[in-house]
Amino acid sequence: MSVLQNKTALVTGSSSGIGLGVARYLATTGCRIMMHGIEPESEVTAAMHELELAGALDVQYRSVDISQPGKAQALADDTRQALGDIDILINNAGIQHVAPVTGFDDAAWDRVIEINLSAPFRLIRQVLPSMRERGWGRIINIASVHGQVASPNKAAYVAAKHGLIGLTKTVALETATDPITCNAICPGWVRTPLVEAQLEVRAEHSGLTVEEEAVELVREKQPSLGFVSPDDIGGAVGFLCSDSANQMTGAALTIDGGWTAQ
Ligand code: NAD
C-alpha cells in the first residue's frame with residue numbers, strides 16, 4: 001500500500017497544466033484530492049473522472065479566485081470540511097504578466113504577487129497547525145527557474161518566485177523538528193496554457209508560427225531542447241512526498257533541462 005493512501009491533498013491550480021500533472025500522479029497513490037482553479041466545474045469533470053479512474057479515493061473541485069481577500073484561507077477550510085485535514089499542500093496556482101518595469105502597472109504587479117506568493121503564504125499558515133497535530137505533512141511550492149534566475153519583462157513573476165523560495169526555506173526551518181517538510185520545485189519551460197499564451201504573443205510579433213516559436217523558446221534557455229512535462233513534475237512531487245525524502249526540506253529542486261546550469 002502506498003504511504004500516501006488515504007492522505008488528503010489540496011493542489012491549487014490543478015484544473016490544467018502542471019497542477020493537473022501533479023494531481024494525476026497523486027491519484028495513482030490513492031489520495032483524496034481537492035482540485036482547484038478558476039474555471040467552472042463543468043470544464044474539469046473529465047479530469048476529475050480521469051483521477052478517479054487512476055485510483056484517487058475521492059476527487060472534488062472548487063472554483064476559487066485566490067487573489068481575493070480571505071479566499072485562500074476559505075479554500076483550505078472548505079477542503080478540510082470536504083475531505084479531512086490537509087496532509088499534502090501543493091501551492092501551484094500561478095499567473096504570468098509580461099511587460100518592462102517602466103510599463104508594469106500596479107494592478108498587474110499586485111495580482112501576480114497575490115496569486116503566486118501571498119496565497120501560498122496564507123494557505124501554509126492555515127494548514128500547518130493540523131499537520132503538526134497529526135504528525136505528518138508535505139508542503140510543496142511550485143516555484144520556477146525564475147525563482148533562481150531572472151528574465152527581462154517578468155519583474156513581478158521573478159520577484160514572486162524568488163520570494164516563494166525564501167518562504168519555502170523559512171517554513172522548512174520553522175518545521176525542521178516536526179515530521180513535516182517544505183520544498184520548492186523549480187521547473188524550466190513546461191508547455192502549458194501559461195506558456196502557450198506567451199508563444200502566441202511571440203508569434204504575433206515575429207511572424208513565425210507558434211510551433212516555430214516553441215522551438216525558439218527552448219533553444220534560448222533550455223539546453224535539453226525539450227519541454228519539461230507536467231507528469232515529470234508529478235513524479236518529483238511523488239519523490240518529495242515519499243519516506244525517502246523525510247530529511248529533504250528547504251530545498252529548491254530544479255527540473256529545467258539544464259537552463260540554470262549555464
Ligand atoms: P496553467 O495556466 O496551465 O495553470 C494555472 C492554474 O492556476 C490553473 O488551474 C488556473 O485555474 C489557476 N489560476 C490562475 N489564476 C488563478 C486565480 N486567480 N485563483 C486561483 N487559481 C488561479 O499554468 P502552469 O504552467 O501549469 O503553471 C502552474 C504553476 O507552475 C505556476 O505557479 C507557474 O508559475 C509554474 N511554472 C510554470 C512553468 C511553465 O513553463 N509552464 C515553469 C515554471 C513554473
Side-chain angles (χ1 to χ4, degrees), residues 9 11-28 33 35-39 43-44 47 50-51 54 88-98 112 115-117 119-120 140-154 156-165 168 183-203 209-241 251-262:
V11 187
T12 69
S14 45
S15 57
S16 81
I18 292 173
L20 183 54
V22 170
R24 221 184 273 132
Y25 176 84
L26 290 173
T28 65
I33 300 176
M35 295 180 70
H36 159 260
I38 45 173
E39 296 74 10
E43 289 181 21
V44 188
E50 186 196 343
L51 297 195
I88 301 167
L89 170 64
I90 313 291
N91 277 313
N92 167 76
I95 59 164
Q96 178 61 278
H97 182 81
V98 181
V112 172
I115 295 168
N116 295 15
L117 179 59
I140 300 170
N141 298 319
I142 306 301
S144 167
V145 285
H146 284 121
Q148 299 173 317
V149 295
S151 294
N153 303 322
K154 296 185 174 176
Y157 187 86
V158 169
K161 295 298 188 181
H162 275 69
L164 189 56
I165 291 178
T168 302
N183 291 289
I185 295 178
C186 301
W189 290 125
V190 187
R191 196 161 177 185
T192 65
L194 182 141
V195 167
E196 212 61 43
Q198 294 174 60
L199 288 174
E200 280 161 19
V201 172
R202 285 171 59 119
T209 65
V210 167
E211 287 313 310
E212 286 166 339
E213 277 297 344
V215 172
E216 277 307 303
L217 191 80
V218 287
R219 206 198 328 258
E220 282 167 14
K221 300 278 191 186
Q222 212 147 286
S224 65
L225 301 182
F227 282 95
V228 181
S229 78
D231 291 334
D232 295 337
I233 308 300
V237 164
F239 168 67
L240 290 173
C241 288
L253 184 62
T254 304
I255 305 174
D256 67 354
W259 179 329
T260 52
Q262 299 168 94

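- Residues Ile233 and Ile185 have side chains in contact (heavy-atom distance under 4.5 Å, counting atoms from C-beta outward).
- Although no hydrogens or angles enter the test, the distance criterion places no donor-acceptor pair under 3.5 Å between the side chain of Asn141 and the main chain of Ala184.
- Once rounded to the nearest 0.5 Å, the distance linking OH of Tyr157 with CG of Leu164 reads 9.5 Å.
- The nearest pair of heavy atoms linking Leu20 to Ser15 is CD2-O, 4.3 Å.
- Taking the charged nitrogens against the carboxylate oxygens, Glu212 and Arg219 have no contact shorter than 4.0 Å, which rules out a salt bridge.
- Once rounded to the nearest 0.5 Å, the distance linking CD of Glu213 with CG of Leu217 reads 7.5 Å.
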**OP:** Please assess Val195 against Val190 for the test side chain to side chain contact (heavy atoms under 4.5 Å, CB included), listing each intermediate value before the final yes or no.
**Re:** CA-CA 7 Å; Val195 167; Val190 187; 5.7 Å; no

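- Of all non-hydrogen atoms in Ile165 and Cys186, the two that sit nearest each other are CD1-SG, 3.8 Å.
- Side-chain N or O atoms of Gln222 include one that pairs as donor or acceptor with a backbone N or O of Gly226 at under 3.5 Å.
- The closest donor-acceptor contact from the side chain of His162 to the backbone of His146 lies under 3.5 Å.
- A pairwise comparison of heavy atoms in Asn116 and Gly94 identifies OD1-CA, 3.2 Å as the closest pair.
- What you find for Ala236 and Ile255 is that their closest heavy atoms are CB-CD1, 3.5 Å.
- Closest approach of Gly21 to Asp231, counting heavy atoms only: CA-OD1, 3.9 Å.
- Checking side-chain atoms of Asn183 against main-chain N and O of Ala251 turns up a donor-acceptor pair under 3.5 Å.
- The closest donor-acceptor contact from the side chain of Asn91 to the backbone of Thr12 lies at 3.5 Å or more, if one exists at all.
- In this structure, the separation between CG on Leu26 and CE on Met35 is 11.0 Å, given to the nearest 0.5 Å.
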Subject >> CA sep, side-chain torsions, deciding dist, call: Ile140, Cys241, side chain to side chain contact (heavy atoms under 4.5 Å, CB included) >> reply: CA-CA 9 Å; Ile140 300 170; Cys241 288; 3.9 Å; yes

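- Trp259 and Trp189 have tilted rings, their planes meeting at an angle from 30° to 60° on a 0 to 90° scale.
- Side-chain contact check for Asp256 versus Lys221: every heavy-atom pair is 4.5 Å or farther apart.
- Minimum heavy-atom separation, Pro187 to Ile18: CG-CD1, 4.3 Å.
- Paired with Lys154 under the rule side-chain contact (heavy atoms from CB on, under 4.5 Å), one option of Gln198, Lys161, His97 passes, and it is Gln198.
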Original post:
Does the pair Val201 and Val98 meet the rule for a side chain to side chain contact (heavy atoms under 4.5 Å, CB included), with working shown?
Top reply: CA-CA 10 Å; Val201 172; Val98 181; over 6 Å; no

